[in-house]
Amino acid sequence: MKRLVITIDGPASSGKSTTAKLVARSLGYLYLDTGAMYRAVTLKAMRAGIDLRDTQGLEGMANQTDVDIVPDPGGYRVILDGEDVTESIRSREVTRASSIVSAVPGVRRRMVEIQRRVGRRGGIVAEGRDMGSVVFPDADLKIYLDADLDTRALRRKLELESKGEDVDLDEIKRDIRMRDTYDSRRRHSPLVIPDGAIVIDTTDLSIDEQVNRVLTLVERIVGGDV
Ligand code: DC
């Protein structure tokens, strides 16, 4: 059976990761979390004390950086220059700074190069902001997930709570709004609905419903209906 390239784009906390992970698992595909790659580069920059306004410094560092997403029984591990950073890239500081680092063209160039290398073989669910628009414009299936801000903020709050962090809902909303603005207004590869993408609003959908909608679309493609 043909191994497809499936892209899932959308704003923060729209359900992309959960959906992409489960769709990939159900199809036996690789889940490529490209946000995790930008987070890893961000972590490296922060550790190195690089000023986030220093575009050249960030680009130079990115070119010397290797980021890998390695499948493992629990999901996947994020490897930065040989070090497992799966957990440390999820801190609030990294989350905030990742919008700034990911807007730097040279950082994106390096990450896109790695993403395309991984995607070449097909059998991939690639999740991010520019997967269907820039990185894999010829993808077999492009999805754009969205949900209203209150729903996204609540999801993020529950996710943080499950990790033992109690953060004020309004603060989360502010963070998400700020990242949305950054990610969709930047000059290079902003968040857009890619040409040919199918938009799914997940505000009132359960995780099962989100996943099943995508899998139904996959079946249609594999069955030759579209
Ligand atoms: O999806 P996420 O929250 O893990 O993404 C972290 C940051 O990286 C986010 O601010 C947007 C950016 N990003 C991007 O610019 N392009 C991608 N393909 C994926 C994420």
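Both backbone and side-chain heavy atoms feed into the values below; hydrogens, waters and symmetry mates do not. In listed order, ligands and their atoms are each counted from 1.
- Evaluated by nearest non-hydrogen atom to atom 1 (O) of ligand 1, the leading choice among Arg108, Arg179, Arg129, Arg90 is Arg129.
- Checking each of Arg96, Lys157, Arg156, Arg177 against Glu171 for a salt bridge (charged side-chain N to carboxylate O under 4.0 Å, His left out) leaves exactly one that passes, namely Arg96.
- Ligand 1 does not have Gln115 within reach: every non-hydrogen atom of the residue lies 4.0 Å or more from it.
- With values rounded to the nearest 0.5 angstrom, Asp66 atom CG is found 5.5 Å from Ile114 atom CD1.
- In this structure, the protein non-hydrogen atom closest to atom 10 (O) of ligand 1 is Ser99 OG, 2.9 Å.
- Ligand 1 has no nitrogen or oxygen under 3.5 angstrom from a nitrogen or oxygen of Tyr38.
- Contacts with ligand 1 closer than 4.0 Å are made by no heavy atom of Met37, backbone or side chain.
- For the pair Met131 and Glu127, the minimum side-chain heavy-atom distance is 4.5 Å or more.
- Here is the list of ligand 1 atoms found below 4.0 Å of a heavy atom in Arg186: 14 (C), 15 (O), 16 (N).
- Residue Arg39 approaches ligand 1 through these ligand atoms, each under 4.0 Å from one of its heavy atoms: 2 (P), 3 (O), 4 (O), 6 (C).
- Remark: ligand 1 and Thr95 share no N or O pair separated by less than 3.5 Å (distance only, no angle test).
- When only modelled atom types and interatomic distance are considered, Ser206 and Asp208 share no side-chain donor-acceptor pair under 3.5 Å.
- Counting the atoms of ligand 1 from 1 in the order shown, those under 4.0 Å from a heavy atom of Met131 are 18 (N).
- Each of Arg185, Arg186, Arg152 was evaluated against Asp180; a single residue qualifies, Arg152, per the salt bridge (charged side-chain N to carboxylate O under 4.0 Å, His left out) test.
- Of the candidates Val41, Val135, Asp130, it is Asp130 that places a heavy atom closest to atom 18 (N) of ligand 1.
- Using modelled atom types and a 3.5 Å distance limit, the side chains of Ser189 and Arg129 yield no donor-acceptor pair.
- What sits closest to atom 19 (C) of ligand 1 on the protein, heavy atoms only, is Thr34 OG1, 3.4 Å.
- Side-chain atoms of Arg155 and Thr202 form a donor-acceptor pair, as typed in the model, at a separation below 3.5 Å.
- Ser133 and Asp130 are not linked by any side-chain donor-acceptor pair at a separation below 3.5 angstrom, with hydrogens and angles left out of the test.
- The protein atom (non-hydrogen) at minimum distance from atom 12 (C) of ligand 1 is Ser102 OG, 3.4 Å.
- At a cut-off of 3.5 Å, with distance as the only test, a side-chain donor of Thr19 or Gln210 sits close to an acceptor on the other residue.
- Side-chain contact, Asp183 with Ser99: a donor N or O sits under 3.5 Å from an acceptor N or O.
- Among protein heavy atoms, atom 5 (O) of ligand 1 sits closest to Gly35 CA, 3.5 Å.
- Considering both main-chain and side-chain atoms, Asp183 comes within under 3.5 Å of ligand 1 through a nitrogen or oxygen pair.
- Remark: minimum distance from atom 7 (C) of ligand 1 to any protein heavy atom is reached at Ser98 OG, 3.3 Å.
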